[in-house]
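One structure is given here, and the rest of the page talks about it.
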2 protein chains.
Amino acid sequence: MYNQSGARIVIIEDDQTIREGYAYLIDHTSAYTVVNTYPSFDAARSRIVKDQPDVILLDIQMPGTNGIDALPVLKKMIPQVYIIMLTVYETEKAILDALANGASGYFTKNTPTAKLIEAIKDVMEGGGPMSPDVARTVIMSLQRNQDSPLTKRETQILELITTGKDRGQIAKELFIEVETVKTHTKNIYAKLNVNTKAEAIQVAKDKRLV
Amino acid sequence: MYNQSGARIVIIEDDQTIREGYAYLIDHTSAYTVVNTYPSFDAARSRIVKDQPDVILLDIQMPGTNGIDALPVLKKMIPQVYIIMLTVYETEKAILDALANGASGYFTKNTPTAKLIEAIKDVMEGGGPMSPDVARTVIMSLQRNQDSPLTKRETQILELITTGKDRGQIAKELFIEVETVKTHTKNIYAKLNVNTKAEAIQVAKDKRLV
DNA sequence: AAAAAAATCCCCCTTATGGGGGGATATTGG
DNA sequence: CCAATATCCCCCCATAAGGGGGATTTTTTT
């Protein structure tokens, strides 16, 4: 495995105090080297490739291109780089968007430097470091509604509907008749108070039924 | 907040050595009390409610009802309980299923007791503790394919297709004509080598395009 | 400035799918 | 034993979906 010692860190963060604070602390209390810091992605854009960072600490809210949008671009410019989000945003959307776009870790800005240094070590070893509350948000986003109005079979069918399968395919997959699928679908619609597939899928996702 | 000291722990795990080992260590090296242990969910079923556990450490592979299937039942019996999975399985499916069914944390069995004790503290404080590799698996499950063959607009439309919306709704939502949606759809199908909505959704999920 | 890629819009045609209505019978869990 | 669940069947019809064409306008990229 790659030797972590001296791994190159870049920080992109608009708040000067935070930026320089983290930079100084990481540089002086760990084996990692902060090779550069930028106040925005736009400032980093033309020069960051030359920095050859192993890990980037990336803010979300910044002047110009925001961190979420910067993510895929950074990943394209430096494919093997690990990116850890460092932000004040803890909304489920921000977290999920960041992770969907290639972030390897997610921390809020009040995270102590020691935890961040540990996180840098973690990502380089293949881990996925997150603050506890972020982890909880992620887990909750994966969690199903524990008291669904649907029966097991209905949930199963709704799940297949969600994948876009039509009645015929669902019937085949469950070894039942198309008519049975239809009946279940009717019952699902009634329970969810909808009358189209689209609405059913929306409600399913919304209420985490599938 | 609830006072954690003396929080009640139950362990459900078929391997006697592991079960008793963790029980002893948690009992003697933390403020938590292991009120009971069971070799299987079926053995725990009738008595666990009386144990009034705050946290359950739950194995997946067990004789009789497996841990994943036990999860929703346990959650129904003891709604406020936190469940931490303790298993040898690290497959994406096992992890995601466990979290979907209400697990609050996920660790592999080689986890040192100290980390587990920390995890118990974490869940009770609203965190979502996981081993680093589990966290990585979870994050990867949320990650999109970084080099999709689709354009931004196409991805956007595929996403809406995924939600079950029809051409009309998609058009309305994006302020474009139905015909345009149709054209994009054709292009998406061509790029993904499919020719139905269902297949497109399948491929999209499979290749993490959405 | 030119070429390539992406996004937009339009017409025709056919079939399968989705959704509404109604009714019936095993099987199972509490 | 009763209610809930899962299974299967018929009729009807509107329309969404997919395949075939072709064309124009932005936006990027070279």
Side-chain angles (χ1 to χ4, degrees), chain A residues 42 45-46 65 69 72-73 76-77 147-204 209, chain B residues 41-42 45-46 49 64-65 69-70 72-73 76-77 147-204 209:
Chain A
D42 299 321
R45 191 163 217 145
S46 59
T65 312
D69 291 336
V73 186
K76 196 150 217 167
M77 294 196 299
D147 46 69
S148 160
L150 304 182
T151 68
K152 261 211 174 92
R153 197 57 152 179
E154 286 163 356
T155 303
Q156 199 178 164
I157 286 175
L158 183 55
E159 200 161 358
L160 292 170
I161 288 177
T162 298
T163 69
K165 295 215 170 73
D166 62 51
R167 294 168 178 170
Q169 291 174 295
I170 295 175
K172 216 170 283 172
E173 205 157 323
L174 301 180
F175 303 106
I176 56 178
E177 296 304 306
V178 177
E179 284 302 326
T180 308
V181 176
K182 218 175 143 180
T183 305
H184 283 305
T185 307
K186 285 178 191 172
N187 294 333
I188 293 169
Y189 287 6
K191 287 184 181 176
L192 302 186
N193 268 106
V194 300
N195 36 17
T196 68
K197 206 163 46 159
E199 290 174 282
I201 296 176
Q202 310 255 56
V203 174
L209 266 23
Chain B
F41 171 66
D42 299 320
R45 193 165 216 145
S46 60
V49 174
T65 311
D69 291 337
V73 186
K76 197 148 216 171
M77 295 196 297
D147 46 70
S148 161
L150 305 181
T151 67
K152 262 214 172 92
R153 198 55 152 179
E154 286 163 355
T155 302
Q156 198 178 167
I157 286 175
L158 183 55
E159 201 161 359
L160 292 170
I161 288 176
T162 296
T163 70
K165 297 215 171 74
D166 62 50
R167 294 167 178 172
Q169 291 173 295
I170 295 175
K172 217 170 281 169
E173 207 157 320
L174 301 180
F175 303 106
I176 56 180
E177 296 304 306
V178 178
E179 283 302 326
T180 309
V181 176
K182 219 176 140 180
T183 304
H184 283 304
T185 307
K186 284 180 192 172
N187 293 333
I188 292 170
Y189 288 6
K191 286 183 181 178
L192 302 187
N193 268 104
V194 299
N195 37 18
T196 68
K197 206 164 37 160
E199 292 173 284
I201 296 176
Q202 310 257 55
V203 175
L209 266 23

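Note on naming: letters A, B, ... go to the chains in the order of the sequence lines (proteins, then strands), and numbering restarts at 1 for each one. Bear in mind that the values here come from a model prediction, so they are computed numbers and not experimental data.
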Show me the side-chain donor-acceptor pairs of residues 182-195 of chain A shorter than 3.5 Å, one per line, residues at least two apart or across chains.
residue : atom : partner : partner atom : Å
A:T183  : OG1  : A:E179  : O            : 3.0
A:T185  : OG1  : A:V181  : O            : 2.6
A:N187  : ND2  : A:T183  : O            : 3.4
A:Y189  : OH   : A:K197  : N            : 3.1
A:K191  : NZ   : A:P149  : O            : 3.3
A:K191  : NZ   : A:E154  : OE1          : 2.8
A:K191  : NZ   : A:E154  : OE2          : 3.4

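Using a 4.0 Å heavy-atom cutoff across all strands shown, A:T183 reaches at least one base atom of the nucleic acid. Within 4.0 Å (heavy atoms only), B:K182 reaches at least one base atom of the nucleic acid. The residue A:K197 sits close only to the backbone: its heavy atoms come under 4.0 Å of sugar-phosphate atoms, none of a base.
Under the 4.5 Å side-chain criterion, counting only non-hydrogen atoms from C-beta, B:L160 is in contact with B:L174. By the 4.5 Å heavy-atom criterion applied to side chains, B:T65 and B:R45 are counted as neighbours. In this structure, the side chains of B:L209 and B:T155 stay at 4.5 Å or more apart for every pair of heavy atoms. Residues B:Q169 and B:D166 meet the side-chain proximity criterion, which asks for heavy atoms closer than 4.5 Å.
Distance B:H184 NE2 to D:dA17 C1': 17 Å, rounded to the nearest Å. Summarising the geometry, the separation between NZ on B:K186 and P on D:dA23 is reported as 14 Å, rounded to the nearest angstrom. The distance from atom CD1 of B:I201 to atom P of D:dA17 is 10 Å, rounded to the nearest whole Å. Atom CG in B:N195 sits roughly 14 Å away from atom C1' in C:dT15 (whole-Å rounding). The separation between B:K152 atom NZ and D:dT27 atom P is 14 Å, rounded to whole Å. Summarising the geometry, the separation between NZ on B:K191 and P on C:dA5 is reported as 10 Å, rounded to the nearest angstrom. Rounded to an integer number of Å, the gap from CD1 of A:I188 to P of D:dT7 is 12 Å. Per the geometry, CG belonging to B:N187 stands 13 Å off P belonging to D:dG20, to the nearest Å.
A:T162 places a side-chain N or O within 3.5 Å of a backbone atom of A:L158 that can act as its donor or acceptor partner.
Non-hydrogen atoms lying under 4.0 Å from DNA chain D are contributed by A:I176, A:E177, A:E179, A:T180, all within residues 155-181 of chain A.
Residues meeting the side-chain hydrogen bond (donor to acceptor under 3.5 Å, both in side chains) test with B:Q156, sequence neighbours left out: B:R153.
Here A:T151 reaches the OP1 or OP2 of D:dA6: one of its side-chain N or O atoms lies under 4.0 Å away.
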